[in-house]
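All residue numbers refer to positions in the sequence shown, counting from 1.
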Amino acid sequence: MKRIFEVDPWKIVTHQFNPEDKRLQESMTAIGNDYMGMRGNFEEGYSADSLQGTYLAGVWFPDKTRVGWWKNGYPEYFGKTPNAPSFIGLGITVNGEKIDLAKVKFSDFYLSLDMHQGLLTRSFVYEGKDTKVKFEFRRFLHIVQKEAALIEVKATVLSGRAKIDFDSTLDGTVVNEDSNYNEHFWLSLGENEDDRTIQVKTKENPYEVPQFTVLLKESLRHDGKIVTGDVTSSEAKLSEKLSVELDEGQSYELEKDVIVVTSRDVDGKDQLAVANELMTKLQNKSFEENLVDHEATWNKRWQTSDVQIDGDPAAQQGIRFNILQLFMTYYGEDARLNVGPKGFTGEKYGGATYWDTEAYIVPMYLAVTKPSVTRALLQYRHDQLPGAYHNAKQQGLPGALFPMVTFNGIECHNEWEITFEEIHRNADIPHAIAMYTEYTGDDSYVKNEGMDVLVGTARFWAARVHWSKWRNKYVMHGVTGPNEYENNVNNNWFTNTMARWLLQYTLKRLPLATAEAKARVKVTDEEKAKWQDIVDKMYLPEDKDLGIFLQQDDFLDKDIRPVSEIEDQRPINQNWSWDKILRSPFIKQADVLQGIYFLNDQYTKEQKEKNFDFYEPLTVHESSLSPCIHSILAAELGKQEKAVELYERTARLDLDNYNNDTVDGLHITSMSGSWLAIVQGFAGMRYNDGKLSFKPFLPKKWDRYSFKINYRGRLLSIEMSDQAKITLISGEPIDVKVYDQDVHLREGESKCLKD
């Protein structure tokens, strides 16, 4: 596997610049602060192949869908995050030659993303005809003052004399690479040269989706003092130029401070005044002082979330990179936001919310953040229930159908087989309510707002199934399971199983709901009887001779053969026609095994083993969501080498570009999978009936690993070397199981055990 970055426990670092890997580099050095984010583009510009990208959380546009418009119930638009105005521009000219690493001669290239503090640095030596100048850049998006970005460049003349011209820009003329016919999403509202601002607004749309207004303000500083240059502007663009002349040995530092304000928080007419106030607040401190504040917040996050691995630097780098990117994308500080599959690192998937959040992000965030963070994710879905009712109505069905892809609760994906066939998400999303309730012990949500979600989705499922006289069972036709390499199938085991679970869980929780919730949902005795009948008589396909659950009806009619027979043709999604993929036995991601993972305590070890042994060899793992589920189950089944192999794939999926698609952006929502593979896989963490348990093992290549978790008001540390060590760092006494042994811990106490 080709690596373009060196292995380092706390840095994503390289001393090489390869133009053919430029997009990979940009993805891997993306930064964000869960308010905005950007790819690792060069401040001075770059004229060769590159994907320019800056993105603002919650700012989106409903692009008219160009597929399936003739189908009743088809989404009217495809939601996407527009490439936001670029504010990092800091063009540089030395003695009349524009600095562009695609064209000029340079040496000593260095690029680093410091994961401990979310700081991007870069340097190189420009080699001109009569001079050499070293340029050093630092950039971060302030994690304390979210609207602020800080960029610094230092120029040092190594030989000769240099006249250096800087051109600081704000550019609202950007476009999305995936735009229809190169369309622009931004309209100019004006440029203010005196205040160094531009203001833009998303163009009008016919779908009653609000237009977003964004104002950007810049200010330049040298030695902590504001400096001014010559300012010019054109439609949606602003440029501020200044020049310095330096002799050999002299240096000059220029700091660019930027404030970005959106109409999500500040009305357009008030944005200039607010931006001025925010800039004053930012510039009350120096670059270094702001960096100290920024780093202090990152330190606090790392104290409870860091996973330490001794003996395998590549594994260590992988898990930290994933945690960093997750926290730069979402930390639960704005309940209006969620986690997009690419976060702030690329245009693919439109920046929208998928079922990935509940299935992969929630189980990690429950343990590494405050309960309020996960509660915010649950509330996000509750707030969008009107959209879910709209989605179901579009299909002529009652109840609520949560969207596959959304910004506002209304489905906005443009592939029918995904949009209205991959309906398993309508149980996966409510499953997060059960996880939250079981993990935290807090049932206040499920008893109140959560009941709206459970009943709404239960009513959908009760109408979506139908009675088969031939089978004498309830069945479900025309669905797509998690394995998207199968479309429009009948009786997908995972979908049927999760629908059954949802109905069963709703019936279990309904009697415990608050009186107010019961009055709102108004579930009749007739409905409850119907739901119970479906639970009792749901058809779940299986093959008893093989001892497996069938992915869907007729799956065994396929030409069953292992992935090992087509190694030279992978990834098949880049080498085969879609028709060939659909007819093949090869599986994109965990499907049956996803259900076994979700409802783990409902299946025997024999059932898990037979299904794993049958389906894993058929799986190409061409979804980033796949390896971690297989790793967790492999660990549980004692298949330690396979568990480690699949952990390495999920931990370094982007760093090693396993699926040959990281150029589009990072796989943010699957990054939690590396944490899950260690904690639920290698450490065997489970929580059932209010009891926390572990069955740790140590991978052969590792000397030790450790992590911390929050659990019901306690902070615990788990360390594994030649024995397992569990410590209650803070909180009330707790009883846990380690290797099926009961362990009682008081605050500050540790216990060591062996299997």
Pair listing, salt bridge (Lys or Arg N to Asp or Glu O under 4.0 Å) test, anchored in [range], at least two apart:
range	result
residues 428-439	none
residues 369-378	Arg375-Asp442
residues 461-470	none

Flag side-chain contact, heavy atom, 4.5 Å: [X] against [Y]:
X	Y	result
Val260	Leu56	yes
Phe549	Phe494	no
Val465	Lys537	no
Leu550	Trp493	no
Tyr360	Cys628	yes
Thr262	Tyr35	yes
Asn414	Tyr74	yes
Ile729	Leu716	no

Would [X] and [Y] pass as an ion pair if we require N to O under 4.0 Å?
X	Y	result
Arg459	Glu527	yes
Arg336	Asp334	yes
Arg471	Asp553	yes
Arg301	Glu333	yes

According to the interplanar angle, ranging from 0 to 90°, do the rings of Trp355 and His424 count as parallel (below 30°), tilted (30 to 60°) or perpendicular (above 60°)? perpendicular

For the pair Tyr439 and Tyr687, name the ring-plane relationship: parallel under 30°, tilted 30 to 60°, perpendicular over 60°. perpendicular

Are side-chain N/O atoms of Gln379 and Asp383 paired as donor and acceptor at under 3.5 Å? yes

List in chain and number order the residues that pass side chain to side chain contact (heavy atoms under 4.5 Å, CB included) with [X], two or more places apart in sequence or in another chain; answer none if no residue qualifies.
X	answer
Lys201	Leu189, Gln211, Thr213
Glu358	Arg381, Ile429, Ala432
Asn488	Glu421
His744	Pro733, Asp735, Arg746

Report the residues that fulfil ring-ring contact (aromatic ring centres under 6.0 Å, His included) with [X], sequence neighbours left out, ordered by chain and then residue number.
X	result
His667	none
Phe327	Tyr331, Tyr365
Tyr354	Tyr349
Phe61	Phe185

When you measure from the side chain of Gln384 to the backbone N and O of Phe407, does any donor-acceptor pair fall under 3.5 Å? yes

Lys393 NZ: over 12 foreign heavy atoms closer than 6.0 Å: no

NZ/Lys695: more than 12 non-hydrogen atoms of other groups inside 6.0 Å: no

Under the criterion side chain to side chain contact (heavy atoms under 4.5 Å, CB included), which of Val743, Val736, Ile734 is the partner of Leu728? Ile734

Applying side-chain contact (heavy atoms from CB on, under 4.5 Å), run through Met538 and Lys473 and close with a yes or a no. CA-CA 6 Å; Met538 177 70 85; Lys473 293 278 188 179; over 6 Å; no

In short, ring-ring contact (aromatic ring centres under 6.0 Å, His included) pairs touching residues 369-405 with sequence neighbours left out are none

